[in-house]
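The figures that follow rest on heavy atoms only: side chains count, while hydrogens, waters and symmetry mates do not.
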Amino acid sequence: MQTIENAQFKAQIDEHGAQLTHLFNNDGNFDYIWNNDLWPKHAPVLFPAIGRSEGDAYTFEGKTYEMPQHGFVSEETFSVEENSGSKLVLSLTDNQTTQKYYPFSFRLTITFTLSAEG
């Protein structure tokens with residue numbers, strides 16, 4: 001779990017899925033992000049698909065690949081490229097697991113930055 005903060009806010013981001021799990025308002029001690037047992041996810045990253053593919057799969061160059069609803073990165077662990085205190089940069093590069101779903105080379109970089117507004 002990574003934490004970034006400034007005078008107004010504190011954010012917690014899970015490297016597993018690059019998911020923002022908490023955004024606390026320091027003045028009001030209030031968490032803006034959903035946290036409840038009814039739905040275990042908070043703010044999942046949807047890549048490389050949004051929604052559900054017909055038959056939960058797609059065909060590319062004659063080969064069929066499974067594609068989970070909303071893609072697969074929510075189940076991957078991202079690398080921490082930078083955590084400067086108020087800015088966090090996470091990245092994910094294709095690997096053996098992702099190639100089963102998405103037979104392309106990629107590098108997905110996600111940056112979280114806190115400002116005075118959030």
Side-chain angles (χ1 to χ4, degrees):
M1 190 71 66
Q2 296 290 312
T3 301
I4 57 176
E5 62 185 308
N6 62 18
Q8 293 83 15
F9 298 98
K10 177 179 176 181
Q12 292 181 325
I13 300 101
D14 192 347
E15 298 99 318
H16 187 77
Q19 182 172 211
L20 178 67
T21 59
H22 297 280
L23 179 60
F24 294 104
N25 179 315
N26 292 335
D27 291 334
N29 196 26
F30 179 80
D31 189 354
Y32 293 98
I33 302 298
W34 172 269
N35 284 281
N36 189 300
D37 293 338
L38 297 175
W39 190 56
K41 295 190 177 185
H42 309 276
V45 174
L46 311 181
F47 178 87
I50 298 172
R52 172 168 269 148
S53 301
E54 184 176 339
D56 294 325
Y58 67 98
T59 301
F60 176 71
E61 293 186 346
K63 184 172 179 186
T64 299
Y65 296 88
E66 291 180 30
M67 180 56 67
Q69 184 176 7
H70 301 315
F72 52 81
V73 298
S74 65
E75 298 303 321
E76 292 291 314
T77 300
F78 284 65
S79 298
V80 177
E81 300 294 325
E82 175 187 344
N83 186 339
S84 65
S86 63
K87 176 182 173 184
L88 174 67
V89 179
L90 300 175
S91 68
L92 176 69
T93 304
D94 61 287
N95 57 55
Q96 283 186 321
T97 302
T98 68
Q99 290 280 325
K100 290 188 291 188
Y101 300 109
Y102 192 68
F104 309 102
S105 296
F106 70 90
R107 179 179 177 84
L108 176 61
T109 302
I110 299 174
T111 302
F112 296 89
T113 305
L114 286 176
S115 69
E117 293 80 32

A.B. asks: Quick check: are there more than 12 heavy atoms from other residues, nucleotides or ligands sitting under 6.0 Å from CG of N95?
C.D. replies: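 Enclosed: over 12 neighbouring heavy atoms sit under 6.0 Å from CG of N95.
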A.B. asks: Any sub-3.5 Å donor-acceptor pair from D56's side-chain atoms to P68's backbone N or O?
C.D. replies: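 Judged by distance alone, no pair lies under 3.5 Å.
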A.B. asks: Nearest 0.5 Å, what's the CG-CZ distance between L108 and F47?
C.D. replies: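 Separation between the atoms: 5.5 Å.
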A.B. asks: Return the OG1 to CG distance between T97 and L92, rounded to the nearest 0.5 Å.
C.D. replies: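 The distance works out to 10.0 Å.
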A.B. asks: Taking S74 for its side chain and V45 for its backbone only, find out whether a donor-acceptor pair lies under 3.5 Å.
C.D. replies: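 Such a contact is absent between S74 side chain and V45 backbone.
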A.B. asks: I want to check something: taking the side chain as every heavy atom from C-beta on, are E15 and Q2 in contact at a cut-off of under 4.5 Å?
C.D. replies: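 A side-chain contact exists here, since the closest heavy-atom pair is under 4.5 Å.
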A.B. asks: Are more than 12 heavy atoms, taken from residues, nucleotides or ligands other than E66, located less than 6.0 Å from that residue's CD atom?
C.D. replies: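 Counting neighbours around CD of E66, 12 or fewer heavy atoms of other residues, nucleotides or ligands fall under 6.0 Å, so no.
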A.B. asks: Any side-chain heavy atom of L88 sitting closer than 4.5 Å to one from T111?
C.D. replies: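 Contact flag for L88/T111 side chains = no.
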A.B. asks: Is the centre of the Y32 ring less than 6.0 Å from the centre of the F24 ring?
C.D. replies: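 No, they do not, as the ring centres are separated by 6.0 Å or more.
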A.B. asks: Is there a donor-acceptor contact under 3.5 Å from the side chain of D94 to the main chain of F106?
C.D. replies: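 Yes: the side chain of D94 pairs with the backbone of F106.
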A.B. asks: When rounded to the nearest 0.5 angstrom, what distance separates CG in L114 from NZ in K10?
C.D. replies: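 Rounded to the nearest 0.5 Å, the CG-NZ separation comes out at 11.5 Å.
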A.B. asks: Assess whether atom CD of E54 is packed by more than 12 heavy atoms of other residues, nucleotides or ligands within 6.0 Å.
C.D. replies: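 No, CD of E54 has 12 or fewer neighbouring heavy atoms, counting only those of other groups under 6.0 Å.
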A.B. asks: Nearest 0.5 Å, what's the CD-NE2 distance between E76 and H16?
C.D. replies: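 The NE2 atom of H16 is 8.0 Å from CD of E76, to the nearest 0.5 Å.
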A.B. asks: Once rounded to the nearest 0.5 Å, what's the spacing between atom OG of S115 and atom CD of Q8?
C.D. replies: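 It is 8.0 Å, given to the nearest 0.5 Å.
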A.B. asks: Can you confirm whether or not the ring centre of Y102 sits under 6.0 Å from the ring centre of F104?
C.D. replies: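 Yes: the rings meet the under 6.0 Å criterion.
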A.B. asks: Can you measure from CZ (F30) to CG (N25) and round to the nearest 0.5 angstrom?
C.D. replies: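 Between atom CZ of F30 and atom CG of N25 there are 8.5 Å.
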A.B. asks: Is there side-chain contact between P48 and M67, with at least one heavy-atom pair below 4.5 Å?
C.D. replies: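 Result yes, sub-4.5 Å side-chain heavy-atom pair found.
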A.B. asks: Say whether V89 and I13 are linked into one hydrophobic cluster, either directly or through other cluster members, by side-chain heavy-atom distances under 4.5 angstrom.
C.D. replies: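 No, V89 and I13 fall in different hydrophobic clusters.
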A.B. asks: Can any side-chain N or O of H22 pair as donor or acceptor with the backbone N or O of A11 at less than 3.5 Å?
C.D. replies: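 Not at all, since once roles are kept as given, no pair shorter than 3.5 Å links the two residues.
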A.B. asks: Identify whether the distance between the nearest side-chain nitrogen and carboxylate oxygen of R107 and E81 falls below 4.0 Å.
C.D. replies: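 Between E81 and R107 there is a salt bridge, with a charged N closer than 4.0 Å to a carboxylate O.
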A.B. asks: Minimum heavy-atom separation for P103 to F60, with atom names?
C.D. replies: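 Answer, listing the atom of P103 first, then F60: CG-CD2, 4.3 Å.
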A.B. asks: Look at the side-chain heavy atoms of Ile, Leu, Val, Met, Phe, Trp and Tyr, link any pair under 4.5 Å apart, and say whether L46 and L90 land in one connected group.
C.D. replies: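 Hydrophobic grouping puts L46 apart from L90.
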A.B. asks: Give a yes or no on whether the ring-centroid distance for Y65 and Y58 is below 6.0 angstrom.
C.D. replies: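 Yes, ring centres under 6.0 Å apart.
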A.B. asks: Tell me whether Q12 contacts the main-chain N or O of T21 through its side chain, where contact means a donor paired with an acceptor under 3.5 Å.
C.D. replies: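 No: the side chain of Q12 does not pair with the backbone of T21.
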A.B. asks: Are L23 and I4 linked, directly or through intermediate hydrophobic residues, by side-chain heavy-atom contacts shorter than 4.5 Å (ILVMFWY only)?
C.D. replies: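 Same hydrophobic cluster.
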